[in-house]
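Quick note: numbers below take in every heavy atom, side chains included, and nothing from hydrogens, waters or symmetry partners.
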Amino acid sequence: QVQLVESGGGSVQAGGSLRLSCAASSRTFSRNVMGWFRQGPGEEREFVAVISGVSTYYRDSVKGRFTISRDNAKNTVYLQMNSLKPEDTAVYYCAAERQYVPGSIRLDTPARYGSWGQGTQVTVSS
């Protein structure tokens with residue numbers, strides 16, 4: 001549905017910060033729910049944050065440290081990550097919701113999203 005291009009991943013020491021960016025091609029970007037997910041080695045993909053309109057939601061372990069935001073003029077969504085911890089190490093994916101989403105699918109469920117970025121590695125060392 002929409003093409004996504006991610007950037008901003010890298011390696012950082014514990015306590016450091018990174019900002020991930022995801023540029024979307026859709027001209028209806030402002031109407032899309034956009035999310036960030038992550039996946040560690042041998043782990044299931046897990047929800048990190050989502051922005052729906054002006055509302056945002058986060059998994060408990062990143063609350064107060066991560067901030068999701070969007071710039072509709074640039075068709076870009078961001079994930080600001082502060083006070084990073086080794087357990088934040090994972091491949092991070094941005095995602096855009098499907099054009100038509102069943103109402104029963106939650107915002108924090110991967111099945112709600114139809115377009116995914118290629119993934120960007122975030123490594124946090126102690």
Side-chain angles (χ1 to χ4, degrees):
Q1 293 180 328
V2 56
Q3 295 179 345
L4 305 175
V5 179
E6 299 173 327
S7 62
S11 298
V12 65
Q13 296 182 20
S17 299
L18 287 172
R19 188 174 76 158
L20 307 183
S21 299
C22 179
S25 63
S26 176
R27 294 295 182 89
T28 59
F29 174 79
S30 63
R31 296 184 59 84
N32 289 124
V33 173
M34 298 292 297
W36 287 96
F37 294 78
R38 65 188 182 187
Q39 186 170 15
E43 303 289 334
E44 294 292 316
R45 190 186 308 163
E46 66 180 17
F47 165 77
V48 177
V50 64
I51 183 165
S52 176
V54 297
S55 300
T56 59
Y57 306 90
Y58 303 89
R59 70 179 299 109
D60 288 343
S61 62
V62 307
K63 288 181 179 178
R65 299 189 298 120
F66 290 11
T67 302
I68 187 171
S69 62
R70 69 197 305 166
D71 186 333
N72 291 332
K74 297 181 179 180
N75 291 339
T76 301
V77 63
Y78 304 94
L79 184 68
Q80 177 67 47
M81 304 183 293
N82 298 327
S83 301
L84 283 162
K85 304 175 180 179
E87 51 262 45
D88 295 318
T89 295
V91 177
Y92 283 70
Y93 301 89
C94 65
E97 70 173 354
R98 299 169 62 88
Q99 185 68 40
Y100 302 101
V101 182
S104 61
I105 301 180
R106 292 161 52 96
L107 292 174
D108 60 357
T109 301
R112 188 180 181 93
Y113 301 87
S115 299
W116 296 83
Q118 78 284 358
T120 184
Q121 177 70 48
V122 172
T123 302
V124 184
S125 60
S126 60

May I ask you to decide if [Y]'s main-chain N or O and [X]'s side chain share a donor-acceptor pair within less than 3.5 Å?
{"X": "Y113", "Y": "L107", "answer": "yes"}
{"X": "Q3", "Y": "S25", "answer": "no"}
{"X": "R59", "Y": "F47", "answer": "yes"}

Salt bridge (Lys or Arg N to Asp or Glu O under 4.0 Å) partners of residues 3-24, not counting sequence neighbours, each pair once: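 Checked against salt bridge (Lys or Arg N to Asp or Glu O under 4.0 Å) - neighbours excluded - no pair reaches residues 3-24.
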
V33 and V101, any side-chain heavy atoms less than 4.5 Å apart: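 They are not in side-chain contact.
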
4.5 Å side-chain heavy-atom contact, R98 and R112: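 No. Closest side-chain heavy atoms not under 4.5 Å.
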
Derivation of the side chain to side chain contact (heavy atoms under 4.5 Å, CB included) call for Y58 and T67: CA-CA 8 Å; Y58 303 89; T67 302; 3.8 Å; yes

Audit row: R65, M81, side chain to side chain contact (heavy atoms under 4.5 Å, CB included) steps and yes/no: CA-CA 6 Å; R65 299 189 298 120; M81 304 183 293; over 6 Å; no

Least distance between heavy atoms, M34 atom then V77 atom: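 Scanning both residues, the minimum pair turns out to be CE-CG1, 3.7 Å.
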
A49 to L79 - nearest heavy-atom pair and separation: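 So the two residues come closest at CB-CD1, 4.2 Å.
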
Side chain to side chain contact (heavy atoms under 4.5 Å, CB included) evaluation trace for T89 with Q121: CA-CA 8 Å; T89 295; Q121 177 70 48; 4.0 Å; yes

Carboxylate-amine/guanidinium contact D88 K85, below 4.0 Å: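 Here D88 does not pair with K85 in a salt bridge, since their nearest N and O are not under 4.0 Å apart.
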
Stepwise side chain to side chain contact (heavy atoms under 4.5 Å, CB included) check, V122 with L20: CA-CA 9 Å; V122 172; L20 307 183; 4.2 Å; yes

F66 and Y92 aromatic ring geometry - parallel, tilted or perpendicular at 30°/60° bounds: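 Ring orientation, 0 to 90° scale: tilted.
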
Heavy-atom neighbours of E44 CD exceed 12 at 6.0 Å: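 Open.
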
Set of residues satisfying side-chain hydrogen bond (donor to acceptor under 3.5 Å, both in side chains) with respect to Q13, sequence neighbours excluded: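 None.
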
Of all pairs that satisfy disulfide (SG to SG under 2.5 Å), the ones with a partner from residues 39-82, not counting sequence neighbours: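 Qualifying pairs, neighbours excluded: none.
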
